[in-house]
Every structure is written in structure tokens, then in C-alpha cells.
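Just below is one structure, and these are the notes that go with it.
Given the structure is predicted, the values throughout are model-derived calculations rather than measurements. Heavy atoms only: backbone and side chains are in, while hydrogens, waters and symmetry mates are out.
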Amino acid sequence: NIVDAIFTKNKFYVIDGTSFRAFSSGKIPQEIFFENINEINSMLVTPNSIYTDETGDNVYISDAFKNKIYKLNIDPEVYPPEINLQLTVGNLGDISDTNKFNSPSEIVYSNEILFVLDYNNKCVKQFTKDLNWMFTYYTDEFETDQPINIAIQPETLLVYVLTKSYKIYI
């Protein structure tokens, strides 16, 4: 089952709820086998959202069970291609813990900024491309109207937060 996926730089990245996979794009996609994919997948428990930077060589994955965000770097210059864990941020925490989460459920990336919907903390946390915390978005309305998804307008960096009652906050 595909939980989330993204197309980028002639590749198609997929998370299926337990692991990360990559495919070439084209008429007949072929799975890309990374030398160390088992090592990467062994650290994931419930990967639930995936995004890449503009190059497509840096992949961000959220894991709601582990309360972590992973930054992976893909080296397409070697064969077989390698995927390496570059950075990790997280563990269980509350809204005041800038580098911790309580079920990070959605991520989006644009202009070297990563946005994370911290589901059970009812906020959106903003990070640099190197996973350094920048800001936490929160409004009192989120206490009674749970945020469930986020999107970003890349040119303006406006963050759209969809709630359970189908309200959109900007």
C-alpha cells in the first residue's frame, strides 16, 4: 500500500507504511535498488510522509511512531546508487520542544524550508533544510479543530493548514 509518494528528478519515491522505495520514471518504471536500502528501512517503523528538496537528491521522511524526521541523501554518481542518512531530528515531545514531535504526520518542503505538521501537538513546525528549528505555527483554534494536512505555495511560502472541520488557515 502506498502511503505517500513524490515524483522528482526522473525518480518516483514511495513510502508504503513500513519502508522507502525508489523507481525510475518512464513508460515502464524500474525499481532502483540501493546498496544500503535495508539499513535505511530498518530504522523506519511507520514512515507516513515524504518530500524532496529541489535537487531531488535529498529526501525527507517523517515517521509518526518514532516521532522523527529523517533527511536522506541519494548519491546517483555511484553504482549501485547509495542512500545515506544525513540528519535526524525528533523524539517524543510537546509543542514547546522545538526539535521533538508527537506524531509528525505531514511534511512539505520549499525554498530550503521544511514544514512539519506535528499532529498530536496541533501545530506546524518550520525547519531549515538541515533540520534546524525556525518557528512553530499555532493558533488556539487548533485545540478544538485539529489540523490534518498542510500544503505550501512555493513562490510566497504561504502555508495552508487544513483542519478536521475543513477550514483552511493561512
Subject >> Beyond-backbone contact of D118 with I95, side-chain heavy atoms, under 4.5 angstrom >> reply: no
**OP:** Determine whether F20 and I83 make a side-chain contact, defined as any pair of heavy atoms from C-beta on separated by less than 4.5 Å.
**Re:** yes
When you measure from the side chain of [X] to the backbone of [Y], do you find a donor-acceptor pair of N or O atoms at a distance under 3.5 Å?
{"X": "K122", "Y": "T139", "answer": "no"}
{"X": "S49", "Y": "E106", "answer": "no"}
{"X": "D53", "Y": "T55", "answer": "yes"}
{"X": "D94", "Y": "S96", "answer": "yes"}
{"X": "N111", "Y": "P154", "answer": "yes"}
{"X": "D145", "Y": "S165", "answer": "yes"}
{"X": "N121", "Y": "C123", "answer": "no"}
{"X": "T46", "Y": "F65", "answer": "yes"}

For the [atom1] atom of [X] and the [atom2] atom of [Y], what is their distance to the nearest 0.5 Å?
{"X": "M43", "Y": "N41", "atom1": "CE", "atom2": "CG", "answer": "8.0 Å"}
{"X": "N73", "Y": "E82", "atom1": "CG", "atom2": "CD", "answer": "10.0 Å"}
{"X": "N48", "Y": "S105", "atom1": "CG", "atom2": "OG", "answer": "6.5 Å"}
{"X": "I152", "Y": "I107", "atom1": "CD1", "atom2": "CD1", "answer": "12.0 Å"}
{"X": "R21", "Y": "Y13", "atom1": "CZ", "atom2": "OH", "answer": "14.5 Å"}
{"X": "T144", "Y": "K164", "atom1": "OG1", "atom2": "NZ", "answer": "11.5 Å"}

**OP:** Decide if the gap between the ring center of Y119 and the ring center of F101 is smaller than 6.0 angstrom.
**Re:** no
What are the two closest non-hydrogen atoms of [X] and [Y], and how far apart are they?
{"X": "D63", "Y": "P104", "answer": "O-CG, 3.8 Å"}
{"X": "K100", "Y": "G93", "answer": "CB-CA, 3.7 Å"}
{"X": "T98", "Y": "F127", "answer": "O-CZ, 3.5 Å"}

Original post:
Would you find more than 12 non-hydrogen atoms of other residues, nucleotides or ligands less than 6.0 Å from L158 atom CG?
Top reply: yes
Group every Ile, Leu, Val, Met, Phe, Trp and Tyr by side-chain heavy-atom contacts under 4.5 Å, then state whether [X] and [Y] land in the same group.
{"X": "I113", "Y": "W133", "result": "yes"}
{"X": "V45", "Y": "L92", "result": "no"}
{"X": "Y166", "Y": "Y169", "result": "no"}
{"X": "F34", "Y": "F12", "result": "no"}
{"X": "L157", "Y": "V124", "result": "yes"}

**OP:** Let me see the working for I40 and L72 under side chain to side chain contact (heavy atoms under 4.5 Å, CB included), right down to the final yes or no.
**Re:** CA-CA 9 Å; I40 298 299; L72 308 174; 3.9 Å; yes
Original post:
Angle class for the Y109/Y60 ring planes (parallel below 30°, perpendicular above 60°, tilted otherwise)?
Top reply: parallel
Subject >> Check: Q153/T156 side-chain N/O donor and acceptor closer than 3.5 Å >> reply: yes
